[in-house]
Amino acid sequence: MSLPVLVAMVVVGIAAVIAAVHLSGGSVRTRLSGTDQALQRFAMDFPDVTSSAVFLTEDSGTAFLLLENGSVGIVRSIGDKFLTRIVARADVAALRALDDRTVSLRLRDFTWNGGDFRFADTEAAGTLLATLSGNVGAYGTRENA
């Protein structure tokens with residue numbers, strides 16, 4: 001087989017895979033329409049867990065739910081689907097404030113290691129920091145090696 005034919009086959013194959021991912025919804029990024037949708041989506045995976053508050057990120061791509069047992073529920077947009085997690089303090093590898101509205105959260109979970117999350121107000125960022133660092137009622141950070 002000649003090199004030009006082989007290159008053409010590879011290019012067409014890659015283009016077909018990209019088109020299939022796009023047409024199947026893989027390039028669409030779902031957003032949460034509000035706290036009610038975040039609660040409903042979280043309840044689908046964890047029906048027996050109750051939350052006391054919900055904080056949406058500024059881009060509406062992630063919601064953090066304060067759970068009654070002191071842990072945090074997460075609803076995160078991944079493509080056209082949602083990932084849900086319950087995160088306890090022991091699951092946190094690193095937690096810090098990047099500024100007054102942005103929280104950097106790194107998890108010990110290899111399937112999703114966290115990220116940087118910007119909130120619309122300082123209260124949401126501070127509450128998330130306080131809850132996951134164990135300083136409930138105060139703003140704080142925690143770093144683990």
Side-chain angles (χ1 to χ4, degrees), residues 6-145:
L6 183 61
V7 169
M9 286 175 53
V10 169
V11 169
V12 169
I14 290 172
V17 169
I18 291 172
V21 168
H22 177 72
L23 293 173
S24 67
S27 63
V28 175
R29 177 114 192 242
T30 303
R31 300 281 184 215
L32 292 162
S33 61
T35 58
D36 288 341
Q37 184 187 12
L39 286 167
Q40 289 172 358
R41 183 60 194 93
F42 189 77
M44 289 173 68
D45 291 336
F46 303 100
D48 298 332
V49 180
T50 340
S51 70
S52 58
V54 179
F55 299 105
L56 285 173
T57 55
E58 197 172 62
D59 67 355
S60 297
T62 308
F64 292 89
L65 294 76
L66 301 184
L67 307 179
E68 291 182 348
N69 64 1
S71 55
V72 173
I74 300 174
V75 178
R76 169 82 174 159
S77 166
I78 305 281
D80 65 342
K81 307 284 187 231
F82 290 104
L83 167 132
T84 57
R85 292 279 190 275
I86 293 180
V87 176
R89 287 183 205 108
D91 301 323
V92 176
L95 175 68
R96 66 188 180 101
L98 298 179
D99 61 39
D100 62 342
R101 296 183 341 178
T102 307
V103 174
S104 177
L105 172 65
R106 299 294 176 251
L107 302 173
R108 298 182 196 286
D109 185 348
F110 75 93
T111 61
W112 184 63
N113 65 352
D116 299 336
F117 304 96
R118 185 163 181 82
F119 295 93
D121 57 51
T122 59
E123 178 189 358
T127 302
L128 180 63
L129 283 167
T131 302
L132 287 176
S133 68
N135 299 325
V136 177
Y139 293 62
T141 63
R142 181 180 96 170
E143 293 278 344
N144 291 332

Participant: Measuring from atom CG of L128 to atom CD of E123, what distance do you get when rounded to the nearest 0.5 angstrom?
Facilitator: 12.0 Å

Participant: Return yes if some donor-acceptor pair links the side-chain N/O of S71 with the main-chain N/O of L67 below 3.5 Å, else return no.
Facilitator: no

Participant: Determine yes or no for a side-chain-to-main-chain donor-acceptor pair under 3.5 angstrom, with R106 supplying the side chain and G115 the backbone.
Facilitator: yes

Participant: Have T30 and R41 got a donor and an acceptor in their side chains that come within less than 3.5 Å?
Facilitator: no

Participant: R101 side chain to A125 main-chain N or O, any donor-acceptor pair under 3.5 Å?
Facilitator: no

Participant: Tell me which one of R76, Q37, M44 satisfies side chain to side chain contact (heavy atoms under 4.5 Å, CB included) with F82.
Facilitator: Q37

Participant: Can you tell me how far CD1 of I74 sits from CG of D91, rounded to the nearest 0.5 angstrom?
Facilitator: 9.0 Å

Participant: Could you grab the distance from atom CG of D116 to atom CG of D99, nearest 0.5 Å is fine?
Facilitator: 10.0 Å

Participant: Output, in order, the C-alpha distance, side-chain angles, deciding distance and verdict of side-chain contact (heavy atoms from CB on, under 4.5 Å) for F64 and L105.
Facilitator: CA-CA 12 Å; F64 292 89; L105 172 65; 4.1 Å; yes

Participant: I need the minimum non-hydrogen distance between L129 and A97, along with the two atoms involved.
Facilitator: CD1-CB, 3.6 Å

Participant: How close do D109 and R85 get, counting heavy atoms only, and between which atoms?
Facilitator: OD2-NE, 2.9 Å

Participant: Salt bridge or not between D59 and R118? Use side-chain N to carboxylate O under 4.0 Å.
Facilitator: no

Participant: Sub-3.5 Å donor-acceptor pair from the side chain of T57 to the main-chain atoms of F117, do we have one?
Facilitator: no

Participant: Working to the nearest 0.5 Å, report the span between CG of L66 and OG1 of T50.
Facilitator: 12.5 Å

Participant: Looking at T127 and F55, what are the two nearest heavy atoms and their distance?
Facilitator: CG2-CE1, 3.8 Å

Participant: State, with a plain yes or no, whether a side-chain heavy atom of V72 is found less than 4.5 Å away from one of I86.
Facilitator: no

Participant: Which heavy atom of V75 sits nearest to which heavy atom of A38, and what is that distance?
Facilitator: CG2-O, 3.7 Å

Participant: For a quick test of reading the model, state the closest non-hydrogen atom pair linking S51 to L39 and the distance between them.
Facilitator: OG-CD2, 3.1 Å

Participant: Quick one: CG on L98 to OG on S104, what's the gap to the nearest 0.5 Å?
Facilitator: 5.0 Å

Participant: Taking all atoms of both residues into account, what is the closest heavy-atom pair of L56 and F119, and its distance?
Facilitator: O-CD2, 3.4 Å

